[in-house]
Amino acid sequence: MTPSPVWHPFTQHGLGEAIPTVTSAEGALLQCADGTVLIDGISSWWVTTHGHCHQRIIAAITEQAQKLDQVMFAGYTHEPAETVARGLIEIAPPGLAHVFFSDSGSTSVEVALKMALGYWHNRKEPRHRILVLEHSYHGDTIGAMSVGERGVYNRPYNPLLFDVETIPFPRDGHEQATLDALERACRVSEMPAAFIVEPLILGAGGMLIYSADILRQMREICAAHNVLFIADEVMTGWGRTGTLFACEQAAISPDIMCLSKGLTGGAMPLAVTLANEAIFQAHYSKDRADLFYHSSSYTANPIACAAAAANLDIWRDEDVLGGIARLSNNMAEHMARLAGFPCFENSRQIGAIAAIDMKTHDAGYLSNLSPRLRTFFLERGILLRPLGNTIYVMPPYSIGDDALAKIFGAIAEAGELLTA
Ligand SMILES: *Cc1c(COP(=O)(O)O)cnc(C)c1O
């Protein structure tokens, strides 16, 4: 057969690594064309919350696809989008009052940044500085990369990324330095437009956890200085950290909030950017020039919205958080065992996300440790994708005890074999 013309994301085709063909999925299991079954240990890159092919979500998609596939959303609306928007406002942190649809986490971040800049522009107090947290990840489009950590993955584009001011990550014991730096950045004469953060845990930056108390204090500093606070809950939303949204643990409401990944339970691409009344009002007038200039062709696609509406129903009707709490306890028991291994350090967990670092002098994103580990797990029927030397587990909530034990067993085995 001729080589596939498909160019995969974050894939070095020159390394000739195996690319399994997946034919079907159920719960936490992926069926491959060659007959193998893989355990999805990272929820297919953090999107699959309840489990693959959840019946209620698939039924909603099927039903909607036969009624209305797509309609332009500028000047038109449809029931699935209205249902999702109302449902989101009911469960989102108080104050978030308006829902702007888009189609990926990166886009929801672009929209958030444009809303923040548009807010200041329309108020005739233009501000253009964005504050970001060190080690952040907000997506792979130019704006989202600009507010994220700079590194090998965005080096070719670096000269084109816009300047931001980076606040140090609140490392254990150094939290005050973070708060002081934020306070200073908010006080300078060229006032920042917004501060964007991943609440409680930085995902792609290495599963770095910080406390709800620091999150709350960061939010308070921004409020005190009239700097917009953007919470990127693309990864943390939908129960990942043990609460529906991570912001709840700090009892805060951001001015703008980004959601995607688990919004449809992981079945369809969809994203939303939620905004408070003031941000909406800054764009509300009789003057066309003030409107929010953003759209994508598939904004609020009805089939994706139907999947999101079904996801909201599941959250309403079922004890999802109870399931997450049980899973989280289960993961904690496995993690306690790993923490005893001399080859591992920095064991950490929040909700249904657990991470541990392999002691190595060979760290860094370019090291070959991560692809070696990936292959090691794949050979054992497990989909894991370590970040450098950080191995993390983020399973669908419906994963069975046996499958979970298999994942942690393989991590222990990796620790023994690969520490050299
Ligand atoms: C994954 C992620 C994004 C980007 O989402 P995409 O759908 O991949 O564009 C943005 N922010 C955070 C925190 C993420 O984890």
Side-chain angles (χ1 to χ4, degrees), residues 8-11 40 42-49 100-116 130-151 153-154 157 161 164 166-167 169 194-210 215 218 229-241 244-247 254 256-274 294 296 298-301 304 307-308 311 350-353 355 365 385-388 390 392-394:
H8 288 267
F10 272 79
T11 299
D40 188 349
I42 59 162
S43 298
S44 281
W45 246 355
W46 322 347
V47 301
T48 307
T49 46
F100 192 94
F101 286 93
S102 61
D103 30 42
S104 74
S106 303
T107 317
S108 74
V109 167
E110 299 283 350
V111 165
L113 296 170
K114 284 175 71 174
M115 279 179 179
I130 307 286
L131 308 181
V132 308
L133 208 52
E134 180 191 21
H135 304 311
S136 292
Y137 176 80
H138 297 290
D140 284 334
T141 51
I142 294 284
M145 280 193 293
S146 295
V147 293
E149 184 82 355
R150 310 296 161 96
Y153 31 86
N154 52 35
Y157 332 110
L161 303 185
V164 294
T166 304
I167 308 300
F169 177 79
F195 179 38
I196 180 166
V197 294
E198 293 165 84
L200 299 187
I201 175 167
L202 276 53
M207 299 299 159
L208 306 173
I209 299 172
Y210 62 96
L215 176 61
M218 293 195 303
F229 190 87
I230 304 172
D232 175 355
E233 292 239 18
V234 170
M235 181 188 81
T236 52
W238 308 105
R240 266 303 154 198
T241 66
L244 175 58
F245 302 117
C247 283
I256 301 175
M257 184 161 104
C258 305
L259 297 172
S260 185
K261 293 193 171 129
L263 172 58
T264 61
M268 295 283 291
L270 187 70
V272 288
T273 307
L274 276 57
H294 192 94
S296 48
Y298 287 100
T299 301
N301 171 261
N311 177 46
I350 182 167
I353 308 172
Y365 211 82
R385 195 181 164 100
L387 293 156
T390 300
Y392 69 92
V393 182
M394 198 190 298

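Nothing here was measured: the structure is a model prediction, and the numbers come from that model. All ligand and atom numbering here is 1-based and tracks the order in the structure. One is the number of the first residue; the rest follow in order along the sequence. Because only heavy atoms are used, hydrogens play no part in the values below, and waters and symmetry mates are left out as well, while side chains stay in.
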### Message
Between Glu198 (side chain only) and Tyr137 (backbone N and O only), is there a donor and an acceptor less than 3.5 Å apart?
### Response
yes

## Note on the structure
With sequence neighbours left out, the residues meeting ring-ring contact (aromatic ring centres under 6.0 Å, His included) with Phe245 are Trp238

#### Entry: Counterpart residues, ring-ring contact (aromatic ring centres under 6.0 Å, His included), relative to Phe169 (two or more places apart)
Tyr210

### Task
Please tell me if the side chains of His138 and Ile196 come closer than 4.5 Å, counting only heavy atoms from C-beta onward.
yes

### Task
Could you name the protein residues that come within less than 4.0 Å of ligand 1, counting only heavy atoms, and order them by chain and residue number?
Trp46, Ser104, Gly105, Ser106, Tyr137, His138, Gly139, Glu198, Asp232, Val234, Met235, Lys261

### Query
Nearest 0.5 Å, what's the CG-CG distance between Leu202 and Asp232?
9.5 Å

### Under the side chain to side chain contact (heavy atoms under 4.5 Å, CB included) test, residues paired with Ala271 that sit two or more places apart
Ser102, Ser108, Ser260

